[in-house]
Amino acid sequence: MIIKNDIGYAFRLLAKSPGFTALTTLVMATGIGLSVYLFSFMNTMLFKALPFPDGDTLVEISKSISGAPNNEELNLHDYQQIREQVKGLKEFGAYRYVSVNVAGRDGARRYAGTMAESNIFELTRTKPILGRGFAPKDDKQGSERVVVIGYDVWQLQYNADENVLGQVLRVDGNSHKIIGVMPQGYFFPNNVEIWLPLREDALNQSRDKVGKANGLAHLVDGYSVDEVNQQLAAIMKRIETRYPETNSEASAYAASIPSATMGDGIAVVYSMHIAGILILILAAVNVGNLLLSRAIERGKETAIRVALGAPRHRIIGQMLLESIIICTVGGIIGLLMVSYGLTVTQTITDNFNSGKPTFWFKFGIDSYTIGLFLTFIITTIIMTGLVPAWKNSGGDFNAVLRDGTRGALGKKSSRMNKILVITEIFLSMGILIAASVIILSSYKANHADYGAKTENILTARLQLPQASYAEDEKRIELLETLQTRLESDTKVGNVMLASSLPGIFSGTTRVAIEGEEYAGEGNNRFPEVNWVEVKTGTLQKLGVELQQGRYFSNLDKGLGKKTVVVTDSFAEKHFAGVDPVGRQIRVVKPNNDQIEWLSIVGVVKHTIHGRASTPSGNRPVVFRPYSQNPGTFMFLAMEMRAGEELLVRNLRETLKSIDPELPAYYIQTYETSIHRGIAPLRFVSSVFLLFGIATVVLAGSGIYGVMSNTINQRTQEIGIKRALGAMDERVTRELLNSGAKLLLMGGIPGVLFGGAMGFAMSKVMGLDNSDLLLICGTMVGIIGSVVIFATWLPTKEALKLEPSQALHYE
Amino acid sequence: MSELLIDLKGIKKVFYTDEIETHALSDISLSVHKGEYISISGPSGCGKSTLLSLLGLLDTSSEGHYALAGKNVSDISKRERARIRNQEIGFIFQSFNLISDLDVEENVELPLTYRADLSKADRASMVKSALEKVDMQHRAKHFPSQLSGGQQQRVAVARAIAGNPSILLADEPTGNLDSKNAEAVMQLLDKLHSEGATICMVTHDPRSAMSAQRNIEVLDGRVVSDQLQNSGEATIQSIEVAL
């Protein structure tokens with residue numbers, strides 16, 4: 001039984017060694033703080049149930065291609081079949097995100113919206129604060145156009161007018177009756193502020209013409225997500241067999257809304273969790289080692305206590321008290337650090353999106369974090385305290401008192417020290433490789449050449465409503481007018497318009513090359529490209545370098561013209577050794593009708609759409625003149641010859657003068673736009689940089705501590721060898737060799753383990769095998785240097801003693 | 001008189017700890033000839049072990065001149081001192097000082113591995129011969145922890161003689177042994193001496209000292225007596241010290 005005296009004694013002992021106490025507490029605070037932070041951060045981002053009643057059973061059903069769960073929308077025919085056949089889900093609802101333009105009293109604004117089936121609000125068990133949600137009748141085509149607005153829209157557009165119900169809201173050029181206002185903070189499924197009925201009569205449309213949407217549903221009691229996914233896979237397999245043209249390699253999966261967007265990135269998430277556990281173990285091993293050394297130092301005191309009749313459990317309890325105090329105090333400091341870190345995280349993640357922040361990103365100390373904190377505290381107390389206490393309480397106390405068992409104890413502790421060093425090398429190698437993959441990926445993304453000039457350019461997005469801009473000519477005319485008016489402004493330089501800018505994700509399509517044959521079934525056999533529509537002149541104004549042929553010119557203007565410019569990556573992949581200019585390609589369409597061959601007129605340097613080195617960034621690009629194929633979504637980029645604020649105002653006014661209901665949104669500099677795209681990566685990279693630094697410090701100090709302890713324990717042995725004639729160089733070499741052996745024993749599995757994690761992560765993070773090899777090599781170099789230094793320095797100190805002193809070293 | 005092996009003149013050893021200056025040895029002059037069997041005795045803390053450390057080049061003197069086999073070793077490099085310890089001196093310690101991770105054969109071989117001029121076969125033959133001399137060849141593959149104290153000390157003796165050193169230096173070789181094992185070790189040293197070994201032994205056991213031909217007594221860092229066994233005849237040095 002641990003009595004009060006023991007507690008007081010433990011505090012006195014810790015107070016007697018303030019350096020030791022501060023060091024161990026700080027190490028524990030670092031280990032517990034970093035690991036709890038990482039778990040809490042990930043849980044809030046990806047795993048926490050959505051903050052609604054039954055939020056833990058709400059799942060999203062998405063399409064996957066070739067097994068890649070990338071949160072794609074399902075064909076509504078497939079969704080219907082899933083709805084009818086799957087057994088583990090109930091309360092189905094379909095939705096798709098839309099970007100809508102809303103005309104208000106002070107001009108047009110763009111909002112993130114969703115078109116959803118009528119039960120969208122019932123799925124979250126949430127009622128509007130004013131009016132009603134959707135009713136099944138609202139889903140019917142031809143019924144009155146209705147809209148539910150978000151709290152912020154109500155505040156901003158209607159000044160919180162209680163009589164807003166029944167008023168008309170112009171959405172994408174159409175009038176909608178407001179039927180409800182959702183509560184503050186409600187943005188379901190994510191970032192949404194305008195809800196419209198889906199109104200898709202899927203059954204009356206052919207499979208290749210029907211729209212797409214994600215599904216929502218609740219899990220039926222007794223079914224797990226894995227079981228549902230097995231059912232979904234079986235259903236989709238049957239559909240694929242029946243419709244290979246549209247469904248080749250397509251499947252479906254259910255996941256919670258936060259985790260559905262993870263896709264292949266889940267490998268990174270798991271690796272981050274592993275890294276969190278590893279750093280906790282690393283800290284615990286360090287503190288455990290320090291406590292073990294202290295326990296060995298106090299071996300005689302323990303032996304006296306045993307000789308005086310202290311029972312073993314009392315000895316263990318007394319020694320455990322120190323661990324309890326260190327881990328608890330360290331943990332509390334760590335938890336304070338976590339609290340601060342999560343507050344900072346909240347601020348940073350609020351800026352991840354150009355629009356509203358993700359609503360479930362509410363970082364803070366929650367019940368999960370507290371539970372995890374307590375679990376980690378108990379685990380670290382056991383890891384750091386039990387082994388030293390058990391080891392030191394079970395020795396031959398009589399022999400210790402006779403001072404005759406130093407050699408035997410030394411051998412045991414030498415074995416323990418080797419295990420500690422090997423463990424530290426293994427752990428640090430794993431963490432550092434994982435951290436380095438993320439840091440290098442972020443570095444590459446930050447320093448990538450996207451293939452265009454990005455400085456001093458203001459960008460904005462335009463979404464042309466179908467209702468107002470149904471005709472191609474009208475869309476072309478709008479952009480012509482907008483470009484001309486903006487370029488006439490002396491504060492504006494060149495104006496560029498494209499459906500995607502380098503550095504930003506673009507749409508994709510599949511193309512076929514003239515003369516090539518593609519074996520297999522379905523459209524997935526055709527090569528995928530990033531597809532970008534650009535206004536004539538945009539490529540050269542953006543600085544996209546021409547390699548062959550020509551840029552688009554007036555020759556290419558016109559709906560009947562059929563020309564494209566491709567990137568050199570496209571040319572290398574499909575026209576290796578052949579001049580691509582003059583060759584033809586076509587866009588693959590679902591039913592292969594309306595075949596339209598497009599001539600390549602030029603080749604430009606590769607532009608990265610998305611993140612550098614990722615599949616999207618590496619994908620070849622095909623550019624088509626906007627005037628040949630005008631879409632409804634465009635990026636506008638304009639060279640700034642004045643301050644950002646003035647230009648934003650000028651842009652809004654210009655646009656208002658052309659079409660008062662057309663807003664420009666996400667107005668920001670080109671560089672901000674690109675940086676925002678990689679902000680999550682940069683943030684995670686910063687966290688991992690902190691992890692890396694903590695690991696190097698923890699591992700470095702830990703390895704040095706253990707090696708130094710080991711060499712101290714071998715001082716007599718060193719003295720014997722020198723007495724027998726061993727040269728100092730020989731002794732140094734022997735000890736360095738033993739350090740190198742430990743490096744190999746911990747390093748080889750560490751590199752294999754870290755390499756495996758790194759390999760899984762690098763596929764998602766856009767690194768290739770040579771990057772991974774470089775990382776592994778560098779980490780071996782760093783940890784190797786730490787081990788060599790940690791061996792060499794204490795050896796040098798030990799060799800400063802005369803052999804006669806070393807022989808009598810205590 | 002046989003060949004002069006050790007020649008100490010005016011040796012002093014001062015230890016400095018913080019601000020305290022401890023004179024462990026004061027003006028020691030001593031000669032040892034080849035084939036001699038000397039015991040150095042005196043009370044605890046008198047400096048006898050320090051003297052043995054200086055003789056074995058395990059430490060350096062603060063002052064004085066030391067010649068080993070005619071060569072001045074007072075001011076030589078660390079490398080040269082290590083070479084001499086390896087090839088000219090054999091050590092036997094009170095606490096055996098065997099390496100616990102090495103078996104008997106490896107312990108005996110250890111000093112030989114520091115010599116570049118010996119092949120593996122040479123070393124094996126020398127280890128075998130040394131173990132035979134101490135009658136421990138049957139325990140060649142045992143680890144020190146599997147041996148009794150007496151056996152461990154016999155292995156330590158084998159290690160000391162394996163390289164055919166010019167002199168054996170023994171520091172309380174029977175200090176950690178019971179009387180039976182102590183007797184056996186002393187007989188072993190006697191046997192080695194009778195075969196021509198030069199032995200210099202620190203001891204405060206009178207019975208062990210009796211085995212030596214010549215007894216040197218140290219007190220407060222000075223040689224106060226240097227007598228041949230059973231002759232009562234003082235050597236020149238002790239007379240000089242006394243004067």
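Proteins get letters first, then strands, A, B, ... in listed order; numbering begins at 1 in each. All figures in this text were calculated on a predicted structure; none of them were measured in a lab.
- Enclosure of atom CG in B:Asp220 is not indicated, since only 12 or fewer non-hydrogen atoms of other residues, nucleotides or ligands lie within 6.0 angstrom.
- Taken to the nearest 0.5 Å, the CD atom of A:Glu729 stands 4.5 Å off from the CZ atom of B:Arg79.
- Going from atom OG of B:Ser100 over to atom CD of A:Glu717 covers 7.0 Å, rounded to the nearest 0.5 Å.
- Contact annotation for B:Arg115: neither backbone nor side-chain heavy atoms come within less than 4.5 Å of a heavy atom of chain A.
- For the pair B:Leu110 and A:Lys721, the minimum side-chain heavy-atom distance is below 4.5 Å.
- Side-chain contact between A:Gln716 and B:Ser95 is absent, with no heavy atoms from C-beta onward closer than 4.5 Å.
- Top candidate by heavy-atom pairs under 4.5 Å with chain A, chosen from B:Thr50, B:Thr113, B:Leu57, is B:Thr113.
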- Item | Trace of the side-chain contact (heavy atoms from CB on, under 4.5 Å) decision for A:Ile720 with B:Arg159 | CA-CA 12 Å; A:Ile720 295 167; B:Arg159 183 177 66 184; 3.7 Å; yes
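- Of all heavy-atom pairs spanning A:Ala723 and B:Phe93, the tightest one is CB-CZ, 3.9 Å.
- Note that CG of B:Leu54 is 8.0 Å distant from OG of A:Ser804, once rounded to the nearest 0.5 Å.
- Other residues, nucleotides and ligands contribute only 12 or fewer heavy atoms inside 6.0 Å of the NE2 atom of B:His204.
- Between B:Asn86 and A:Met727, every side-chain heavy-atom pair lies at or beyond the 4.5 Å cut-off.
- Atom-to-atom distance recorded for A:Leu801:CG and B:Leu58:CG is 12.5 Å, nearest 0.5 angstrom.
- Rounding to the nearest 0.5 angstrom, the gap separating the CZ atom in B:Arg81 from the CD atom in A:Glu802 is 5.0 Å.
- For B:Lys128, the NZ atom sits in a loose shell: 12 or fewer heavy atoms of surrounding residues, nucleotides or ligands are nearer than 6.0 Å.
- Remark: A:Tyr9 OH is packed, more than 12 non-hydrogen atoms of other residues, nucleotides or ligands lying under 6.0 Å away.
- When heavy atoms are compared at a cutoff of 4.5 Å, A:Arg730 approaches chain B solely by way of its side chain, counted from C-beta outward.
- Annotation for B:Asp75: atom CG does not count as buried by contact number, only 12 or fewer foreign heavy atoms lying within 6.0 Å.
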